[in-house]
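Supplied in structure tokens, the structure appears directly below.
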Amino acid sequence: MLKTQGLTLHYGGSQILYGIDLEALAGEVTCVMGTNGVGKTSLLKAISGTHLRSGGTMELDGQPVGRVTAQAMAHLGVGYVPQGRMIFPLMTVRENLETGFACLPRAERFVPDEIYDLFPVLKDMANRRGGDLSGGQQQQLAIARAMITKPKLLLLDEPTEGIQPNIIQQIGRVIEYLRDQGRMAIILVEQYFEFAYALADRFYVMERGAVTVAGSKAELPKERLVAAVSV
């Protein structure tokens with residue numbers, strides 16, 4: 001579903017990403033791991049178009065993708081749940097969900113029952129302002145908003161950060177459900193190791209803006225991954 005080759009990214013005069021080769025397959029969770037500050041979030045921003053990559057190539061669903069904006073990437077089928085959730089605090093839950101309609105044909109601009117089946121609290125709080133929700137509820141809203149766009153590729157940046165354990169478990173079940181549907185590729189940036197390891201099919205470990213370890217769960221012993229992300 002996604003393939004990058006030699007992807008680089010600069011912020012001003014500083015190089016952040018160095019030649020990232022990555023593949024994410026439909027029906028799999030691809031986990032990007034590493035300590036703080038190694039470039040994981042920057043990688044998601046480069047893939048999503050939030051920051052335009054400096055170099056390298058990218059393919060989505062077998063088609064080459066140029067250096068295009070986040071809005072264009074969303075229309076191409078990339079859903080992005082950023083770190084910090086970035087919901088609209090003064091808009092209602094329903095209005096937040098409806099912001100995803102911009103990527104859809106007019107006939108498909110409705111909230112599917114599937115969303116409320118996966119996140120029942122959003123139906124109960126449909127008329128509450130986003131800013132009134134707890135952190136865990138806002139995270140559910142952010143994931144649901146990305147799902148509204150029917151993405152081919154879903155990018156999740158630290159979805160467990162600051163979330164209570166019962167909501168972490170629910171988010172894990174939703175990720176499993178989406179993976180098992182086989183319709184999308186999921187890239188998960190996550191520091192909660194056990195959560196990530198349980199969900200992931202494929203791993204990329206980053207250090208100083210480059211990938212240092214890559215492989216499937218079958219290829220990488222758990223002990224090696226623990227050591228790689230503990231540097």
Side-chain angles (χ1 to χ4, degrees), residues 1-2 24-34 40-41 44 47-48 74 77-87 93-94 96-100 103-104 108 110-126 128 130 132-204 216-218 220 222 225-226 229:
M1 187 59 74
L2 175 77
L25 306 182
E28 288 191 0
V29 174
T30 299
C31 187
V32 179
M33 308 180 82
K40 304 184 302 295
T41 291
L44 292 195
I47 293 170
S48 69
V78 176
Y80 181 30
V81 182
Q83 190 174 21
R85 300 178 279 275
M86 302 298 179
I87 57 101
V93 166
R94 181 179 290 106
N96 267 275
L97 293 173
E98 289 173 351
T99 61
C103 297
L104 299 175
E108 297 179 21
F110 59 90
V111 179
D113 291 340
E114 178 186 48
I115 296 291
Y116 292 134
D117 290 342
L118 292 171
F119 302 110
V121 68
L122 301 183
K123 188 171 186 178
D124 297 337
M125 296 189 167
R128 296 277 295 276
D132 294 337
L133 273 58
S134 70
Q137 291 164 347
Q138 289 184 10
Q139 186 66 70
Q140 293 176 78
L141 175 56
I143 295 171
R145 180 178 61 187
M147 288 174 58
I148 288 285
T149 67
K150 302 181 179 178
K152 301 174 183 177
L153 173 67
L154 180 63
L155 310 175
L156 300 171
D157 194 355
E158 302 277 7
T160 70
E161 185 179 42
I163 305 300
Q164 54 268 44
N166 63 315
I167 302 298
I168 289 176
Q169 291 176 1
Q170 183 184 11
I171 289 172
R173 289 192 295 269
V174 169
I175 295 172
E176 287 179 340
Y177 168 81
L178 296 175
R179 176 194 63 198
D180 294 345
Q181 295 299 297
R183 297 191 296 262
M184 69 174 71
I186 300 169
I187 298 181
L188 171 67
V189 164
E190 183 55 64
Q191 297 220 56
Y192 179 6
F193 183 89
E194 294 299 333
F195 177 85
Y197 188 79
L199 288 169
D201 301 284
R202 189 176 303 272
F203 297 93
Y204 290 85
S216 67
K217 184 178 284 187
L220 295 174
K222 188 175 183 179
L225 277 172
V226 170
V229 301

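All of these numbers come straight from a predicted model, not from anything done at the bench. Just the heavy atoms: all of them, side chains too, but no hydrogens, waters or symmetry mates, feed the values below.
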Heavy-atom side-chain contact between Val32 and Leu188 under 4.5 Å:
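No - every pair of side-chain heavy atoms lies 4.5 Å or more apart.
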Identify, with sequence neighbours excluded, every residue that meets side chain to side chain donor-acceptor pair (under 3.5 Å) alongside Gln137.
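Applying side chain to side chain donor-acceptor pair (under 3.5 Å) to Gln137 gives Ser134.
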Ile167 vs Gln139, test: side chain to side chain contact (heavy atoms under 4.5 Å, CB included). Steps then yes/no.
CA-CA 9 Å; Ile167 302 298; Gln139 186 66 70; 5.6 Å; no
Find the distance between CD (Gln140) and CG (Leu118) and round it off to the nearest 0.5 Å.
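The distance works out to 10.0 Å.
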Please report the interatomic distance CD1(Ile186) to CG(Leu2), rounded to the nearest 0.5 Å.
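It comes to 13.0 Å.
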Give a yes or no on this: more than 12 heavy atoms of other residues, nucleotides or ligands lie within 6.0 Å of atom CG of Asp113.
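At most 12 heavy atoms, drawn from other residues, nucleotides or ligands, come within 6.0 Å of this atom.
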Could you tell me if the side chain of Ile168 sits less than 4.5 Å from the side chain of Gln164, heavy atoms only?
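Counting from C-beta outward, Gln164 and Ile168 never come under 4.5 Å.
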Suppose we screen for ring-ring contact (aromatic ring centres under 6.0 Å, His included). Which residues come up paired with Phe203, at least two apart in sequence or across chains?
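Residues passing ring-ring contact (aromatic ring centres under 6.0 Å, His included) with Phe203: Tyr197.
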Let me check something: any side-chain donor-acceptor pairs from residues 148-159 under 3.5 Å, sequence neighbours excluded? List them with distances.
residue: Thr149; atom: OG1; partner: Ala146; partner atom: O; Å: 2.7
residue: Lys150; atom: NZ; partner: Glu108; partner atom: OE1; Å: 3.0
residue: Asp157; atom: OD1; partner: Thr41; partner atom: OG1; Å: 3.4
residue: Asp157; atom: OD2; partner: Thr41; partner atom: OG1; Å: 2.7
residue: Glu158; atom: OE1; partner: Gln191; partner atom: N; Å: 3.3

Specify the closest pair of heavy atoms between Arg179 and Gly27, including all atoms of both residues, with the distance to one decimal.
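Where Arg179 meets Gly27 most closely, the heavy atoms are CG-O, 3.3 Å.
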Any non-hydrogen side-chain atom of Lys217 less than 4.5 Å from a side-chain atom of Cys31?
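No, their side chains stay 4.5 Å or more apart.
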Any side-chain heavy atom of Phe193 within less than 4.5 Å of one from Leu225?
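The answer is yes; the side chains approach within 4.5 Å.
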With sequence neighbours excluded, tell me which residues meet side chain to side chain contact (heavy atoms under 4.5 Å, CB included) with Gln181.
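For Gln181, the residues satisfying side chain to side chain contact (heavy atoms under 4.5 Å, CB included) (neighbours in sequence not counted) are Tyr177, Arg183.
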With side chains defined as the heavy atoms from C-beta onward, is the minimum distance between Thr30 and Asp201 less than 4.5 Å?
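No. Closest side-chain heavy atoms not under 4.5 Å.
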With rounding to the nearest 0.5 angstrom, report the CZ to CD distance, Phe119 to Glu114.
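The CZ atom of Phe119 sits 9.5 Å away from the CD atom of Glu114.
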Spatial distance of atom CD (Glu194) from atom CG (Leu199) [nearest 0.5 Å]:
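The distance works out to 11.5 Å.
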Return the set of residues passing side chain to side chain contact (heavy atoms under 4.5 Å, CB included) with Arg128 (not counting sequence neighbours), or none when no residue passes.
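Checked Arg128 against side chain to side chain contact (heavy atoms under 4.5 Å, CB included); matches are Met125, Asp132, Leu133.
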Would you check if the side chain of Lys40 reaches a backbone N or O of Gly34 as a donor-acceptor pair within less than 3.5 Å?
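Between the backbone of Gly34 and the side chain of Lys40 there is a qualifying donor-acceptor contact (under 3.5 Å).
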Between Leu122 and Ala144, what is the shortest heavy-atom contact and its length?
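Smallest heavy-atom distance, with atoms named: CD1-CB, 3.6 Å.
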By side chain to side chain donor-acceptor pair (under 3.5 Å) - contacts of Ser216 (at least two apart):
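Partners of Ser216 by the side chain to side chain donor-acceptor pair (under 3.5 Å) criterion, ordered by chain and then number, come out as Glu219.
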Nearest heavy-atom pair of Gly182 and Ala26: which atoms, and what distance?
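Nearest heavy atoms, Gly182 then Ala26: O-CB, 3.9 Å.
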Heavy atoms only: give me the nearest Gln138-Gly130 pair and the separation to one decimal.
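Gln138 and Gly130 have their closest heavy atoms at NE2-O, 3.2 Å.
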Identify, with sequence neighbours excluded, every residue that meets side chain to side chain contact (heavy atoms under 4.5 Å, CB included) alongside Leu25.
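Scan of Leu25 (side chain to side chain contact (heavy atoms under 4.5 Å, CB included), adjacent residues dropped) gives Glu23, Glu28, Arg202.
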Set of side chain to side chain donor-acceptor pair (under 3.5 Å) partners for Glu190, sequence neighbours left out:
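Side chain to side chain donor-acceptor pair (under 3.5 Å) list for Glu190, sorted by chain: Thr160.
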About how many Å separate CD1 of Ile187 and OH of Tyr80, when rounded to the nearest 0.5 Å?
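Output value for this atom pair is 11.5 Å.
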Evaluate the side chain to side chain contact (heavy atoms under 4.5 Å, CB included) criterion for residues Phe195 and Ile175: first the C-alpha distance (whole Å), next the side-chain angles of each, then the deciding distance (0.1 Å), finally the verdict.
CA-CA 11 Å; Phe195 177 85; Ile175 295 172; 4.0 Å; yes
Rounded to the nearest 0.5 Å, how far apart are CG of Leu141 and CD1 of Ile87?
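It is 6.0 Å, given to the nearest 0.5 Å.
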